[in-house]
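First comes the structure, then the notes that go with it.
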Protein chains: 2
Amino acid sequence: MDAEAVLQVRSFNRTVAERIGAVNDRFLHQPRPMNESRLIWEIGLEGEELRTLRMRLGLDSGYLTRVMRSLAKQGLVRVRTARQDGRVRSAHLTKSGLRVRAELDRRSDELALHILDVLTGKQREQLTSAMGQVERLLEASMVHLAIEDPTSTDAIWCFEQYFAELNSRFEGGFDPTRSISAETQELVPPRGALVIARLRGQPVGCGAVKFTKKRVAELKRMWICPALRGLGVGRRVMNELERLASEANVHLVRLETNRTLKEAIRLYRGAGYVEVEAFNAEPYAHHWFEKRLARASRFPKKELTRLVIQSRK
Amino acid sequence: MDAEAVLQVRSFNRTVAERIGAVNDRFLHQPRPMNESRLIWEIGLEGEELRTLRMRLGLDSGYLTRVMRSLAKQGLVRVRTARQDGRVRSAHLTKSGLRVRAELDRRSDELALHILDVLTGKQREQLTSAMGQVERLLEASMVHLAIEDPTSTDAIWCFEQYFAELNSRFEGGFDPTRSISAETQELVPPRGALVIARLRGQPVGCGAVKFTKKRVAELKRMWICPALRGLGVGRRVMNELERLASEANVHLVRLETNRTLKEAIRLYRGAGYVEVEAFNAEPYAHHWFEKRLARASRFPKKELTRLVIQSRK
DNA sequence: CCACTTGTCTGACGATAGTCAGATAATATA
DNA sequence: TATATTATCTGACTATCGTCAGACAAGTGG
C-alpha cells in the first residue's frame, strides 16, 4: 500500500491523540477517576442497564459493581433491579449526577471551543469540513461484517428497514407477501447466509445469499443504512457474499432489482454484473442481473470470521 | 461561536478517540505498561536525557527513575551519567530495546494500514488529504504565545532564523550590523517585549515590540517558521504585540519592512496598517507602515499569561 | 422439576499510576 | 568559598485499574 498514506495516517494519529487525548484528559475527568466519569456519561439522561454499560465500556463485572457503588455512595446514581428481569440491574443518574454530567458536557464544549478559538472563520469552516470527511471515512473503516443468525432481533430490524425503504421508494409501495420470499431457513448455512454489517455494534446494513440450484446463488436483501451510503460498505457486503458463494462452489450469482434503486443498480454494474432476461417472476423487479464467478482464488482475502458472536465477560 | 462547528468538533473527537485511542491501546502497548512503551518510544534511536523525557511525558522524577530501572532490569535500556554534566543522566536503548521499539513502529504502521485497508483508492486519497488538513489546523490551534526573555537560547534561535531568512530573501543579502538594531535590553519590559510562539514546546515564531517615544511603539523581528505560515500565527503574534502596546498606553504602532516580504506586507495591510513616509533611515526598508490603536478595550481577550515559564517537577 | 445460562455481587489479589518529602551529588552563582 | 540551584534517586504512601474464582439469585429450556 501507499507508504505516504501510512505516514500521513500515523502523523495524524499522533497529532490528534495529543490534541484530543491530552486536552480531553485535562478538561474532562477533573476530580473524578476516569471510569467514574465515563460511566456518568454513558448512563445518560434516561438511565442504562449495567450489562449494557459493561459491554460498551469493556469493564469487568466485579469492577463495575464497585465503581457503581462508589458513584451511589457519592449520591450521583441510583441502581435498582429492572422490572422485566430480576437479574438485570439498571442505573439512573440522580439530580446531582445529572449536574455532574452537564458539567462534563460543558467541558466537552469548552474543549471544542478552545480548538476553534484561535482560528479565523474560514479556517473553522475548513477544519469542520475536513473533520467531517475524516470522521465519515474512519467510520467506514470501522464497519465490520459478520455472518449472523437471520432470526436475531438485529437481523429482523435490518429486514424491516429494508422493506420500509422498498415500500417508500417503489412506485405503488412494496408488500413483502407478494414478493418472492427468502425464508429465514434459506439464509442459514448450508442453504445460504446472512451477512450483517455493524458499526460500533449497531447493525448498519445487511445482505444475504441463497444457494438455489447446483452452482447457482441469488443475492437478496442488500440494504445499507442511508447514513453510510457511498462509503463502499455495500460493495464489501457484496464481495463477502460472492466469496461465500465461491467457497460453496457457486459459478453463477444472480439477482433481480427494481428500477427505482439506482445506486444499487450502479453497484451491481460496477461489480461486473450484466443484465440478463428475467429468470424469475418477481413482480417488483425490472432488471435481472448475473455474474459468473471466477475460481475461488479470486477472493483471497477472507474478510470475516464465521459466525462472530460478540460477548464480553 | 457556531454551535454546529462545536458539534462537529465534538463528534470528531468521539469518533477519533474511539478509533485511534482504543485501537492504539490494543495494538501498541501490548504486554508492557503504557509508560514503559512511551519511554522506549521517546528515548529513540539516539538516546535521550532523563530530564527531557520527564518534560516530554510529564512524569514525576521519582516515578521516572523507577520505570527506567524496570526497563534497565529487562535489558531494554542502559542509563548512564552524561559526559558534560555530572547531574544529568541519559538513557539509550540496547539491542533488544531497539527491537522492541521497531516492533512498536511496526504496530503503528499496522494500525494505519488497518484503517486504510477497507477503503478504495479514491477514499484513501480523500482520507489522507482531509487528515492533513485537520492536522495542520489543529496544530495551528496548539500554538501558544508567551512573553519571553530575549536572551534565552530559544529566542536567539528565532532571531537567527529570522536573520537567515532576511539574508536569503533580500536582494544583496542582509547584514544585521547595518540595520537599525533592536538591542536585547530594549525587548524587555518596560521598554519593550518579545513574544515567542511555541508548538509542542518548540519555538515556531516570534515578534517584538519596542516602546520608542511616548505613546509610540515599533514592531520588530516578526518571524514565523515556514511550516506554519498561512495559519494565522503571525496575525496572533501581531495582535498580542498590539495588545501589549495598548496596555502601555501606546497610540501609534509603526514598522518598516522590505519589499521582498510580500506575505508580511499583506499581513500588515490586512490588519489595518497604512503606508506612510519613511520615519527612519533603515537601509533595508522599502515600506513604512503605521496604525493608530483604538482604546484598550479593542483587545478584550488577553491571549497569554505574562512570562510563562514552563517547568515541571 | 432439574440442569443450565445469565447477570450481578463479593473477596482477594496484583499491577500500574501517580504523589510527596527528603537525601545526595554535581553545577552554577554571588 | 559559601550558597543556591539542578537533576536524580529513595522511601513511603495512596488511588485506580484490572483480573479471577466463586457465590447467589433469577430466568430458560428440556
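Keep in mind that what you see is a predicted model, and the values were worked out from it rather than measured. Throughout, protein chains are lettered first and strands after them, A, B, ... in sequence-line order, and every chain is numbered starting at 1. In what follows, every heavy atom counts, from backbone to side chain, and hydrogens, waters and symmetry copies are set aside.
- One atom, CG of L39(A), and another, P of dG18(D), lie 11 Å apart when rounded to the nearest Å.
- Among residues two or more places apart in sequence or in another chain, the salt bridge (charged side-chain N to carboxylate O under 4.0 Å, His left out) test is passed with E160(B) by none.
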Item checked: Letter per nucleotide, 5' to 3', of nucleotides 9-14 of chain D [B base touched, S only sugar-phosphate touched, - untouched; heavy atoms, 4.0 Å] -> BBBB--
Next item on the list: Determine, stepwise, if the pair R106(B) / E110(B) fulfils salt bridge (charged side-chain N to carboxylate O under 4.0 Å, His left out).
Entry: CA-CA 6 Å; R106(B) 208 186 55 70; E110(B) 207 171 79; 2.9 Å; yes
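- Counting only residues at least two apart or on different chains, the salt bridge (charged side-chain N to carboxylate O under 4.0 Å, His left out) pairs with a member in residues 70-91 of chain A are D85(A)-R87(A).
- The CG atom of L53(A) sits 13 Å away from the C1' atom of dG7(C) (whole-angstrom rounding).
- Residues satisfying the salt bridge (charged side-chain N to carboxylate O under 4.0 Å, His left out) test with E135(B), not counting sequence neighbours, are none.
- If you take CZ of R51(B) and C1' of dA26(C), they are 12 Å apart, rounded to a whole angstrom.
- In summary, R99(B) and E103(B) do not engage in a salt bridge, as defined by a charged side-chain N under 4.0 Å from a carboxylate O.
- Among the nucleotides dG7(C), dA17(C), dC17(D), the one closest to any side-chain atom of M34(B) is dA17(C).
- Residue pairs that meet the salt bridge (charged side-chain N to carboxylate O under 4.0 Å, His left out) test with at least one member in residues 36-48 of chain A, sequence neighbours left out, are E42(A)-R56(A), E48(A)-R56(A).
- Take A197(B) and apply the side-chain contact (heavy atoms from CB on, under 4.5 Å) test, not counting sequence neighbours, and it matches V143(B), L145(B), V204(B), V233(B), V237(B).
- Taking the salt bridge (charged side-chain N to carboxylate O under 4.0 Å, His left out) definition, one finds that R66(B) meets it with nothing, sequence neighbours left out.
- Going from atom CG of N35(A) over to atom C1' of dA17(C) covers 14 Å, rounded to whole Å.
- Residues passing the side-chain contact (heavy atoms from CB on, under 4.5 Å) test with Y162(A), sequence neighbours excluded: L166(A), R221(A), W223(A).
- In this structure, the CZ atom of R80(B) is 18 Å from the C1' atom of dA7(D), given to the nearest Å.
- L59(B) places its CG atom 10 Å from the P atom of dT19(C), with the value rounded to the nearest Å.
- As rounded to whole Å, 16 Å separates atom P of dG18(C) from atom CZ of R54(B).
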Short N/O separations, protein against nucleotides 27-30 of chain D, under 3.5 angstrom:
{"unit_1": "dG27(D)", "atom_1": "OP1", "unit_2": "G86(A)", "atom_2": "N", "d": "2.7"}

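- For the pair K73(B) NZ and dA15(C) P, the interatomic distance rounds to 12 Å; values are reported in whole Å.
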